[in-house]
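Written out below as structure tokens is the structure these notes cover.
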Amino acid sequence: MNTYSIIALSALLAAGATAAEATKPAAPKDWTDSVKDALTVYQDKDTFVQKVKFAWMEQFQVADIQPAGPNGSHLKPGATPVNQEFRRSWVGLNIDFASGTKFHTWGRIGGLPYRCTYDGGKVKHYSYTNLFDIWVSQDIKPVKGLTVKAGKIKPLITTDYATPSSAIYCVERSIVGNQYGLDSNWGVDITYAPNKQDKFYVQLCANDRAVTDKAPGHRDVYGDGCGFKGEFGWEDKCYAIAAASHKFAVTEDGFQAVSAQYGHDFNNVYHHPRKKGANCYGLNTQDVVSLGYEYKQGKFHLLTNLVSSFETNNGDGGNNIGIQVQPMYSICPHADLILRYAGMTGHNSCKLAADRYICTQTTAPSWVDSIHTFYVGVDVYASAKDKNAAKLMFGAEFAHARKGGQSCYDGWEFTTALRWNF
């Protein structure tokens with residue numbers, strides 16, 4: 001066979017493959033696609049406003065705190081071990097424009113029907129209503145992959161917290177992620193993703209999170225759950241986050257990825273004892289470094305995260321180091337098994353209160369010298385095509401905390417959650 005014959009045969013095969021792809025039937029739709037289509041109120045790529053879509057996310061969960069030993073010796077006066085609440089009840093709106101502009105917002109109600117916390121034997125029903133975020137983003141078309149976002153945004157620090165709320169694998173994020181986990185703040189996000197493998201972003205946010213010592217007359221509008229409001233004066237500083245990630249060894253069955261994040265809070269630096277009128281750090285620390293590694297191959301998926309912080313917001317200015325190791329395995333298309341170890345150590349600088357229920361229900365201290373948690377759970381999916389559309393999550397986590405050389409808390413937390421996101 002001569003060279004011309006080989007070229008002709010190659011062209012013929014290529015044309016045949018292209019024709020086969022063109023005639024390949026589209027993936028069948030399931031019920032999740034029907035719900036998303038129903039939430040799309042307008043779509044036309046030939047107009048300036050190309051798409052208008054509502055979004056809907058719910059999470060109802062029941063948690064049972066079971067401290068080791070007799071319950072009465074660890075639960076707060078009047079407290080019960082069980083809490084139930086709508087952890088998330090969000091309605092959002094997304095509008096896409098032909099100019100590369102996007103408008104996004106999430107309105108939320110949380111804590112309903114009731115979440116009980118206890119203070120001096122009094123039961124407090126905790127709930128809130130606000131805007132989680134509201135922002136406008138713009139693609140900078142002369143630079144491929146460059147996007148600028150401004151408004152009330154979610155800060156992305158640690159591998160766990162950078163995972164969207166709609167896609168988390170465990171019922172609650174780990175103590176490693178939640179120690180630095182922030183509510184949304186006003187700010188600017190610049191993201192550069194030139195390809196599917198690389199991503200870089202910088203976030204600069206206002207810090208209006210004074211929750212203890214604050215200037216006279218200053219109102220902590222975020223802590224009070226007022227959401228959209230903001231009072232930015234000289235006492236309101238800011239923090240910055242810079243991050244990069246790279247995905248490699250990409251195949252049809254998996255990939256590997258590494259990531260690095262650094263956060264710095266420009267707030268008034270204080271050491272023990274606290275200075276009168278100084279804000280609490282928005283990041284819960286002045287500096288935090290997070291390194292992540294992710295591995296996925298076939299049914300196996302591994303997430304790891306190493307985090308270290310300096311001068312934590314505990315009044316003592318201590319440092320800590322934490323690690324999260326989270327292997328997952330797909331039992332079948334409709335169910336995953338999730339294991340997680342998360343640990344942290346540092347003199348009085350590990351935030352046990354980063355767990356959602358332990359410190360609200362029990363007498364455990366908010367800050368400890370070390371924490372070790374072990375989680376085992378199963379996620380059951382209503383749709384194998386879109387696992388995050390609707391799922392039932394079962395989780396059991398054991399926590400061990402020490403302070404002053406002694407064990408200060410041991411116990412189980414059993415949580416069941418029903419989540420959906422469209």
Side-chain angles (χ1 to χ4, degrees), residues 58-76 79-88 115-117 158-161 163 165-179 181 299-305 322-332 334-344 350-364 368 370-382 387-388 390-402 407-420:
E58 300 282 345
Q59 177 178 341
F60 178 78
Q61 66 188 46
V62 179
D64 183 7
I65 296 290
Q66 292 293 337
N71 264 354
S73 64
H74 293 278
L75 292 175
K76 289 182 178 179
T80 61
V82 178
N83 244 315
Q84 57 180 320
E85 61 171 322
F86 272 97
R87 178 70 171 84
R88 292 174 180 86
R115 177 190 170 194
C116 297
T117 60
T158 75
T159 303
D160 196 343
Y161 208 74
T163 303
S165 298
S166 60
I168 57 177
Y169 303 95
C170 302
V171 178
E172 293 285 354
R173 302 183 193 272
S174 73
I175 55 168
V176 172
N178 276 342
Q179 169 135 343
K299 296 182 178 182
F300 180 73
H301 191 183
L302 174 68
L303 294 174
T304 63
N305 196 193
I323 187 171
Q324 176 178 340
V325 180
Q326 185 172 307
M328 298 166 283
Y329 183 79
S330 179
I331 303 170
C332 67
H334 287 272
D336 288 350
L337 172 67
I338 298 97
L339 304 176
R340 181 179 71 192
Y341 164 75
M344 185 174 290
C350 305
K351 192 176 182 182
L352 182 58
D355 180 275
R356 188 164 179 83
Y357 300 108
I358 289 177
C359 290
T360 64
Q361 308 302 110
T362 76
T363 57
V368 297
S370 65
I371 312 172
H372 300 278
T373 63
F374 304 88
Y375 177 98
V376 57
V378 174
D379 294 349
V380 180
Y381 308 108
K387 290 185 173 182
N388 293 318
K391 55 188 175 183
L392 188 61
M393 309 174 76
F394 303 92
E397 185 168 47
F398 183 81
H400 169 70
R402 298 181 65 85
S407 174
C408 60
Y409 181 80
D410 290 278
W412 284 94
E413 183 173 338
F414 303 97
T415 314
T416 301
L418 174 64
R419 301 171 57 99
W420 64 82

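Throughout, residue positions are numbered sequentially from 1 according to the sequence presented.
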(request) State which residues pass side-chain hydrogen bond (donor to acceptor under 3.5 Å, both in side chains) with Asn178; sequence neighbours excluded, sorted by chain then number. (result) none

(request) Decide side-chain contact (heavy atoms from CB on, under 4.5 Å) for Tyr169 and Leu303; before the verdict, give the C-alpha distance in whole Å, the side-chain angles of both, and the deciding distance to 0.1 Å. (result) CA-CA 10 Å; Tyr169 303 95; Leu303 294 174; 3.7 Å; yes

(request) Only counting residues at least two apart or in another chain, list the ones meeting side-chain hydrogen bond (donor to acceptor under 3.5 Å, both in side chains) with Ser407. (result) Asp410

(request) Could I get the full list of ring pair (Phe, Tyr, Trp, His ring centres under 6.0 Å) partners for Tyr357, not counting sequence neighbours? (result) none

(message) The criterion is side chain to side chain contact (heavy atoms under 4.5 Å, CB included); which residues satisfy it with Thr304, sequence neighbours excluded?
(response) Tyr293, Leu302, Val325

(request) Kindly give the heavy-atom pair with the smallest separation between Cys170 and Gln326, and that separation in Å. (result) SG-OE1, 3.9 Å

(request) Over all heavy atoms of both residues, which pair between Pro67 and His74 is shortest? Give the atoms and the distance, please. (result) CB-CB, 3.6 Å

(message) Taking ring pair (Phe, Tyr, Trp, His ring centres under 6.0 Å) as the definition, give me every residue that meets it alongside Phe398, ordered by chain and number, with sequence neighbours left out.
(response) Trp412

(request) Of all the heavy-atom pairs spanning Leu75 and Pro81, show the shortest one and how long it is. (result) CD1-CD, 4.0 Å

(message) To the nearest 0.5 Å, what is the distance between CD1 on Ile331 and CD1 on Ile338?
(response) 8.0 Å

(message) Under the rule for side chain to side chain contact (heavy atoms under 4.5 Å, CB included), what residues qualify as partners of Thr163, not counting sequence neighbours?
(response) Ala167, Ile168, Arg173

(request) To the nearest 0.5 Å, tell me how far Asp355 CG sits from Ile65 CD1. (result) 5.5 Å

Expected list for residues 413-420: side-chain donor-acceptor pairs under 3.5 angstrom, two or more places apart:
residue, atom, partner, partner atom, Å
Arg419, NH1, Gln59, OE1, 2.2
Arg419, NH2, Ser165, O, 2.1

(message) If I compare all heavy atoms of Gly395 with all of Tyr375, which pair ends up nearest, and what's the gap?
(response) CA-OH, 3.5 Å

(message) Going by side-chain hydrogen bond (donor to acceptor under 3.5 Å, both in side chains), name the residues that satisfy it together with Asn305, two or more places apart in sequence or in a different chain.
(response) Thr159, Ser290

(request) For residues Leu352 and Ala364, report the shortest heavy-atom separation together with the two atoms involved. (result) CD2-CB, 3.7 Å

(message) What's the separation between atom CE in Met328 and atom CZ in Arg340, rounded to the nearest 0.5 Å?
(response) 10.5 Å

(message) Working to the nearest 0.5 angstrom, can you tell me the gap between Ile358 CD1 and Tyr409 OH?
(response) 4.5 Å

(message) So, taking the atom named NE2 in His372 and the one named SG in Cys350, what distance separates them when rounded to the nearest 0.5 Å?
(response) 8.5 Å

(request) Heavy atoms only: give me the nearest Tyr161-Gly177 pair and the separation to one decimal. (result) CD1-O, 4.2 Å

(request) Return the set of residues passing ring pair (Phe, Tyr, Trp, His ring centres under 6.0 Å) with Phe374 (not counting sequence neighbours), or none when no residue passes. (result) Tyr341

(request) Sequence neighbours left out, what passes side chain to side chain contact (heavy atoms under 4.5 Å, CB included) with Ala342? Give chain and number order. (result) Ser174, Ile175, Val176, Thr373

(request) List in chain and number order the residues that pass ring pair (Phe, Tyr, Trp, His ring centres under 6.0 Å) with His400, two or more places apart in sequence or in another chain; answer none if no residue qualifies. (result) none

(request) Scan Arg356, Gln361, Gln61 and name whichever one has a side chain to side chain donor-acceptor pair (under 3.5 Å) with Asn83. (result) Gln361

(request) Please identify each residue that fulfils salt bridge (charged side-chain N to carboxylate O under 4.0 Å, His left out) with Asp336, with sequence neighbours left out. (result) Lys387

(message) Let me confirm one number: the CZ-CZ distance from Phe60 to Arg87, rounded to the nearest 0.5 Å.
(response) 13.5 Å

(request) Without swapping roles, check the side chain of Lys76 against the backbone of Cys359 for a donor-acceptor pair under 3.5 Å. (result) yes

